[in-house]
Amino acid sequence: MIIWRRKCKLSRSSTFYLMAISVADNLVLIFVVVLELSVKYHQQEPFWSYEPWCSLRDIFNYGAYNAMTWLVVVFTVERFVAIHTWKMKTKICTLRCAAWTTMAVFFFSHIFAIPYYWSNASVYANNQTRCIYKPEAPTQFIHALVWLQTLQAYILPFIIILTLNGLTLRLISLSNRVHITADLNSRVNKVMPLLRSRMRKSVVLLVTVSMSFVLLSVTRAITQIILRTTHMYSLDRNDYNLQINIAADTGTMLSLSNAAANMYLYVCTQSKFRQEFFACARQVSF
């Protein structure tokens, strides 16, 4: 609401992307943290243990998570273009482009999660109804789902984000050298500090949001590949004497904490946002 209604000195496209990231983050927290993980420990047979929710659950879960992931990626690309090229900036860094890109991300994120509809089944065993992978499902199908999800939610985003951040930091280091050699021109000396300040803020925002995603997601990416595609697939996930289960749950917590931390990281890197936040808090309080 603050990003939308208050003046935070952001471009209109960045405002739209950050609002979309906030929506996607909240969908992850609702579908995964609240409706799945929390209900799981408070009800012996959660509602998603039964059909049709058992088949639909992972479509919403992975759809929301994929949207959150790729919105960070497209935001990184948008900021990369804004910092690097002026010609493409006028075409890509617009509100119209941001709106269409955001809708496409949400649409395709859920489209790519649809195959999970045929992967789960509601099974009654040991006086309990559970939602599990279909016992009759081919192993190749399950492995294909795991690798597809790992590729689109972790590997490709990692490569894109790390590459763009590396190029951005390289450009900043080169531009700083150029600015140092421009000391003879007094006019340049007056303009360049302002440009460097704006560019520095953009880079801080870019690197903070995108690198936090990489660091918080890498543990889950590795543990999910190990658990889902090796002999450990048949292990009891509730046996915490096994170190792989502890590592997997730790990776899940770190990965989901990214959904709760994105907007807080933004608050920490933008002074104008903090000013508007405190202004709203004072208005509400007094």
Side-chain angles (χ1 to χ4, degrees), residues 17-43 46-49 53-54 56-76 105-106 109-110 112-113 116 119-120 130-133 145-158 160-162 207-228 232 235 237-240 242-269:
Y17 280 122
L18 287 167
M19 289 170 57
I21 291 174
S22 179
V23 172
D25 289 343
N26 280 283
L27 289 177
V28 171
L29 295 175
I30 291 171
F31 287 127
V32 181
V33 178
V34 177
L35 294 183
E36 182 179 351
L37 295 180
S38 298
V39 171
K40 175 182 178 181
Y41 292 101
H42 289 281
Q43 296 181 8
F47 69 93
W48 43 257
S49 296
W53 304 111
C54 178
L56 295 173
R57 179 193 64 177
D58 283 351
I59 296 179
F60 294 111
N61 289 354
Y62 287 113
Y65 190 86
N66 292 341
M68 178 192 73
T69 300
W70 281 96
L71 282 172
V72 173
V73 174
V74 296
F75 178 63
T76 303
V105 167
F106 275 103
S109 295
H110 287 82
F112 281 110
Y116 280 94
S119 67
N120 294 342
R130 296 188 302 159
C131 183
I132 61 174
Y133 278 139
L145 284 180
V146 173
W147 280 106
L148 176 63
Q149 178 61 26
T150 304
L151 183 67
Q152 67 179 342
Y154 301 109
I155 296 177
L156 285 179
F158 285 0
I160 295 172
I161 289 173
L162 292 174
V207 174
T208 302
V209 173
S210 57
M211 290 306 296
S212 66
F213 160 73
V214 173
L215 295 175
L216 292 174
S217 301
V218 66
T219 303
R220 175 173 170 79
I222 295 173
T223 54
Q224 289 303 301
I225 293 175
I226 295 174
L227 280 173
R228 303 286 181 95
M232 294 184 180
L235 294 178
R237 285 288 284 113
N238 293 320
D239 183 7
Y240 288 99
L242 302 175
Q243 294 183 351
I244 187 64
N245 286 337
I246 298 175
D249 281 9
T250 302
T252 299
M253 287 190 292
L254 291 174
S255 179
L256 293 175
S257 68
N258 183 63
N262 270 341
M263 298 311 295
Y264 290 102
L265 290 172
Y266 176 70
V267 171
C268 293
T269 57

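Residues take their numbers from the sequence shown, with the count starting at 1. Hydrogens, waters and symmetry mates play no part in the numbers below; they use all other heavy atoms, side chains included.
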All N/O donor-acceptor pairs, side-chain side in residues 20-37, below 3.5 Å, sequence neighbours left out:
unit_1	atom_1	unit_2	atom_2	d
D25	OD1	N262	ND2	3.4
D25	OD2	N262	ND2	3.3
N26	ND2	S22	O	2.7
E36	OE1	N61	ND2	2.5

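- I155 pairs by the side-chain contact (heavy atoms from CB on, under 4.5 Å) definition with T150, L151, I159, not counting sequence neighbours.
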Could you walk me through whether T219 and I222 pass the side-chain contact (heavy atoms from CB on, under 4.5 Å) check?
-> CA-CA 5 Å; T219 303; I222 295 173; over 6 Å; no
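- For the pair P157/V72, no side-chain contact is recorded, criterion being any heavy-atom separation below 4.5 Å from C-beta on.
- Residues N120 and R57 come closest through the heavy atom pair ND2-NH2, 3.9 Å.
- When the side chain to side chain donor-acceptor pair (under 3.5 Å) test is applied to Q152, the partners found at least two apart in sequence or on another chain are Q149.
- Here the side chains of Y116 and L148 are not in contact, with every heavy-atom distance at 4.5 Å or above.
- Checking side-chain atoms of S255 against main-chain N and O of T252 turns up no donor-acceptor pair under 3.5 Å.
- To the nearest 0.5 angstrom, T250 atom OG1 is 11.0 Å from Q243 atom CD.
- Atom OG1 in T76 sits 10.5 Å away from atom CH2 in W70 (nearest 0.5 Å).
- Partners of F158 according to the ring-ring contact (aromatic ring centres under 6.0 Å, His included) rule, which considers only residues two or more places apart in sequence or in another chain, are F213.
- Closest non-hydrogen pair, Y62 versus A113, comes out as CB-CB, 4.0 Å.
- Here the closest heavy-atom approach between residue L145 and residue S119 is recorded as CD1-CB, 3.5 Å.
- Rounding to the nearest 0.5 Å gives a distance of 6.5 Å between OH of Y65 and CG of N258.
- Closest approach of A153 and N66 over heavy atoms only: CB-OD1, 3.7 Å.
- Atoms OG and CG, from S217 and L256 in turn, are 9.0 Å apart once rounded to the nearest 0.5 Å.
- Pairs of residues two or more places apart, or lying in two chains, never qualify as salt bridge (Lys or Arg N to Asp or Glu O under 4.0 Å) while including a residue from residues 210-219.
- For T69, there are no side chain to side chain donor-acceptor pair (under 3.5 Å) partners, not counting sequence neighbours.
- Taken to the nearest 0.5 Å, the CG atom of N245 stands 10.0 Å off from the OG1 atom of T223.
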